[in-house]
Amino acid sequence: MKVLAVLYNGFKAAKAEPRLLGTVENELGLRSFLESRGHEYIVTSSKDGPNSDFQKHIADADILITTPFHPGYLTRDLMNKAKNLKVCVTAGVGSDHIDLNAAVDNKLQVLEVTGSNVVSVAEQVLMSMLVLVRNFVPANEMVRRGDWNVADIAQNAFDLEGKTIGTIGAGRIGQRVLSRLQPFNPKELLYYDYNALAPETEKALTARRVDDVKDLVSQCDVVTINAPLHEGTRGLINKDMLKHFKPGSWLVNTARGAICEAEDVAAAVRSGQLRGYAGDVWNVQPAPKDHPWRSMVNPLGGGNGMTPHYSGTTLDAQIRYAEGTKEILENYFDGKPQEPANVIVGVGKYESSSYGQR
Ligand code: NAD
């Protein structure tokens with residue numbers, strides 16, 4: 001079989017650090033495994049446009065491996081050209097870069113390494129909240145440029161304790177965020193998810209369900225997004241939704257950039273409607289140099305907690321999703337059943353309830 005992987009370039013770092021498994025150079029550690037079984041393995045970072053390796057090789061690939069960190073966008077059109085393709089494996093979590101409805105129609109399976117990086121992301125969410133609420137970035141920039149003015153930083157620095165914090169999406173990441181917030185003594189923890197948590201889970205997480213997103217955001221000092229990107233979440237946080245946020249609240253989005261309207265969020269930060277926005281996911285990746293999220297700041301010069309998409313690709317996470325990808329491939333080659341939680345789209349139907357209410 002022909003296995004095509006679209007990964008990000010690691011350059012010097014990948015040569016120096018072999019645990020950067022998710023890079024073009026280190027190939028998810030799969031080459032000898034695949035070649036020993038007689039398969040052809042093509043690995044590339046070239047993914048955009050008709051002349052890219054991705055679009056050329058997809059024509060006769062049997063298996064596609066992609067990663068959300070450098071997404072190869074498998075559109076319906078490309079699927080129609082991919083005559084041999086049977087399985088798409090996401091090395092990581094979040095398969096929105098595959099047109100999932102088209103995958104259902106084309107009887108293409110979509111699998112991901114569920115849970116592989118959920119702790120990594122939950123930790124990033126906590127860090128991002130603290131970075132924003134405590135006004136960390138301008139404080140660090142100040143000392144590094146040689147200045148010292150405590151009041152300039154303290155005028156926009158707060159404690160997380162006593163705040164109302166809510167998550168949109170309370171799956172694996174959302175629940176881990178809630179449990180990690182408990183020791184900070186928040187005023188209240190809220191969640192919105194059409195898949196309600198079991199009463200005992202709500203109790204253990206001390207989280208109250210709110211059954212409307214607008215109600216959730218209007219009560220929160222800090223909102224975090226932990227839901228997949230699908231028809232029901234694309235552009236969810238737009239100019240209209242932002243009007244329902246508490247003035248001066250903070251928003252953390254490590255789920256998917258396109259859940260937020262980029263220009264609307266940037267305008268809300270610049271006006272102070274949002275005191276800050278942090279995340280590692282962008283509506284286009286790599287993000288263009290002039291993307292508004294790179295430069296937006298609040299009226300006091302802070303409130304920007306953006307990073308490149310790396311929260312789910314720590315070295316610890318890479319080991320887990322590389323191993324998970326290998327297990328999925330082994331199951332497939334050996335005709336064994338897949339771990340049910342890893343199946344997003346089975347043959348001809350959604351198996352996951354996380355990608356919208358259907
Ligand atoms: P999960 O499937 O365990 O949980 C997702 C939850 O979101 C589900 O409970 C689902 O019901 C809920 N949901 C779906 N649509 C919703 C909506 N409209 N409103 C409210 N809730 C909704 O998934 P997970 O492991 O928690 O991951 C969530 C997402 O985080 C992934 O799909 C991916 O996009 C993103 N992610 C990002 C990174 C990163 O590196 N930044 C890494 C891993 C995952």
Side-chain angles (χ1 to χ4, degrees), residues 8 22 66-71 90-98 100 110-128 166-180 190-198 201-202 205 207 209-217 223-237 241 252-260 278-283 285 287 305-318 320-321 324 339-345 350-358:
Y8 60 87
T66 52
T67 167
F69 310 106
H70 184 70
T90 301
V93 173
S95 299
D96 51 276
H97 53 286
I98 312 284
L100 296 175
V110 182
L111 298 142
E112 59 187 42
V113 191
T114 296
S116 56
N117 53 17
V118 295
V119 166
S120 321
V121 179
E123 289 186 3
Q124 183 94 5
V125 173
L126 263 288
M127 177 188 79
S128 301
T167 175
I168 299 173
R172 295 172 183 86
I173 297 173
Q175 289 177 50
R176 281 167 177 79
V177 168
L178 291 169
S179 78
R180 280 158 178 74
L190 306 178
Y191 79 97
Y192 166 74
D193 195 319
Y194 56 80
N195 281 314
L197 296 173
T201 310
E202 279 188 6
L205 293 170
R209 181 164 179 244
V210 178
D211 55 18
D212 179 83
V213 189
K214 287 182 181 145
D215 276 358
L216 178 106
V217 300
V223 174
T224 163
I225 305 174
N226 298 294
L229 176 64
H230 55 76
E231 305 94 309
T233 53
R234 185 177 293 277
L236 177 69
I237 309 298
M241 183 64 75
V252 172
N253 174 19
T254 53
R256 283 296 176 260
I259 295 175
C260 296
D280 65 329
V281 286
W282 304 67
N283 53 341
Q285 292 188 184
M306 294 307 297
T307 68
H309 190 171
Y310 83 107
S311 66
T313 186
T314 57
L315 294 181
D316 298 303
Q318 297 202 32
R320 293 189 294 264
Y321 66 66
E339 178 62 45
N342 287 346
V343 187
I344 304 302
V345 171
Y350 277 89
E351 294 291 349
S352 165
S353 68
S354 289
Y355 282 80
Q357 288 168 288
R358 284 161 210 286

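Atoms within each ligand, like the ligands themselves, are counted from 1 in listed order. If you're wondering where the values come from, they're calculated on a predicted model, not measured in any experiment. No hydrogens, no waters, no symmetry mates; every other heavy atom, side chains included, goes into these values.
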request  = Can you pull out the closest protein heavy atom to atom 16 (C) of ligand 1? Residue, atom name and distance to 0.1 Å, please.
outcome  = Tyr194 CE2, 3.4 Å

note = In short, Val281 meets Asn253 closest at the heavy-atom pair CG2-O, 3.4 Å

query = Taking atom CD1 of Ile237 and atom CD1 of Ile168, what is their separation to the nearest 0.5 Å?
reply = 4.0 Å

query = If you look at every heavy atom in Asp280 and Thr307, which pair is closest and at what distance?
reply = CB-OG1, 3.2 Å

key: Heteroatom proximity flag, Arg172 to ligand 1, N/O under 3.5 Å   = yes

message = If the contact criterion is a heavy-atom separation under 4.0 Å, does Ser311 count as touching ligand 1?
response = yes

request  = Would you mind telling me if ligand 1 is within reach of the side chain of Val281, the backbone, both or neither, using heavy atoms under 4.0 Å?
outcome  = side chain

note = One should read off an interatomic distance between Gln285 CD and Phe69 CZ, to the nearest 0.5 angstrom, of 9.0 Å

query = Rounded to the nearest 0.5 Å, how far does CG of Leu100 lie from CD1 of Ile344?
reply = 8.0 Å

request  = Would you check whether Gln357 reaches within less than 4.0 Å of ligand 1, judged by its heavy atoms?
outcome  = no

inquiry  = Below 4.0 Å from ligand 1: does a non-hydrogen atom of Phe69 turn up there or not?
reply    = yes

query = Any idea which protein heavy atom is nearest atom 19 (N) of ligand 1, and the distance to it?
reply = Tyr192 CE2, 3.1 Å

query = Should you measure from each heavy atom of Pro228, which atoms of ligand 1 turn up under 4.0 Å away?
reply = 5 (C), 7 (O), 14 (C), 32 (O)

ask   = Can you tell me which residue and heavy atom of the protein come closest to atom 17 (C) of ligand 1, and the distance to 0.1 Å?
value = Thr233 CG2, 3.8 Å

task = Classify the contact between Gln124 and ligand 1 as side chain, backbone, both or neither, using a heavy-atom distance cut-off of under 4.0 Å.
result = neither

query = What are the two closest non-hydrogen atoms of Pro228 and Ser354, and how far apart are they?
reply = CG-O, 3.3 Å

key: Residue pair Tyr321 / Thr313, side-chain donor-acceptor N/O under 3.5 Å   = yes

message = Taking atom CZ as the centre, does Arg209 end up with more than 12 heavy-atom neighbours from other residues, nucleotides or ligands that are less than 6.0 angstrom away?
response = yes

message = Would you say that more than 12 heavy atoms from the other residues, nucleotides or ligands in this model lie under 6.0 Å from the CG of Asn195, or not?
response = yes

key: Heteroatom distance test (His309, ligand 1): nitrogen or oxygen, under 3.5 angstrom   = yes

note = among protein heavy atoms, the one nearest atom 11 (O) of ligand 1 is Asp193 OD1, 2.7 Å

query = Does any N/O atom on Ser353 come nearer than 3.5 Å to any N/O atom on ligand 1?
reply = no

task = Starting from atom 40 (O) of ligand 1, find the nearest protein heavy-atom neighbour and note its residue, name and distance.
result = Gly312 N, 2.9 Å

request  = Say whether Ser354, considering both its backbone and side-chain N or O atoms, lies within less than 3.5 Å of an N or O atom on ligand 1.
outcome  = yes

Rounded distance [0.5 Å steps], CD in Glu112 versus CG in Asn342 = 7.5 Å

ask   = Got the closest protein heavy atom to atom 21 (N) of ligand 1, with its distance?
value = Gly169 CA, 3.4 Å

Atom 35 (C) of ligand 1: the protein heavy-atom neighbour that sits closest, reported with distance to 0.1 Å = Ala255 O, 3.5 Å

ask   = For Gly166, does its backbone N or O pair with a side-chain atom of Tyr192 as donor and acceptor, under 3.5 Å?
value = no

ask   = Does an N or O anywhere in Asn117 fall below 3.5 Å from an N or O of ligand 1?
value = no

key: Test item: Val93 and Pro68 side chains (from C-beta on) under 4.5 Å apart, heavy atoms   = no

request  = Give the atoms of ligand 1, by number and element, whose distance to some non-hydrogen atom of His230 is under 4.0 Å.
outcome  = 14 (C), 15 (N), 16 (C)

ask   = Heavy-atom contacts under 4.0 Å between Arg256 and ligand 1: side chain, backbone, both, or neither?
value = side chain

inquiry  = If only side-chain N and O atoms count, and only distance matters, is there a donor-acceptor pair under 3.5 Å linking Arg320 with Ser120?
reply    = yes

key: Distance-only donor-acceptor check, side chains Glu202 and Tyr191, under 3.5 Å   = yes

task = Give a yes or no on whether atom 23 (O) of ligand 1 lies under 4.0 Å from any heavy atom of the protein.
result = no

message = Quick check on contacts: which atoms of ligand 1 are under 4.0 angstrom from a heavy atom of Gly171?
response = 3 (O), 4 (O), 6 (C), 9 (O), 26 (O)

query = Heavy atoms only: which of Val118, Thr313, Thr67 is nearest to atom 25 (O) of ligand 1?
reply = Val118

task = Could you list which atoms of ligand 1 come closer than 4.0 Å to a heavy atom of Asn226?
result = 5 (C), 7 (O), 28 (C)

ask   = Just heavy atoms, cut-off under 4.0 Å: does Ile173 contact ligand 1 by side chain, backbone, both, or neither?
value = both

query = Only one of Val125, Val118, Val119 forms a side-chain contact (heavy atoms from CB on, under 4.5 Å) with Val121, so which one is it?
reply = Val125

Atom 42 (C) of ligand 1 - nearest protein heavy atom and its distance = Val121 CG2, 3.1 Å

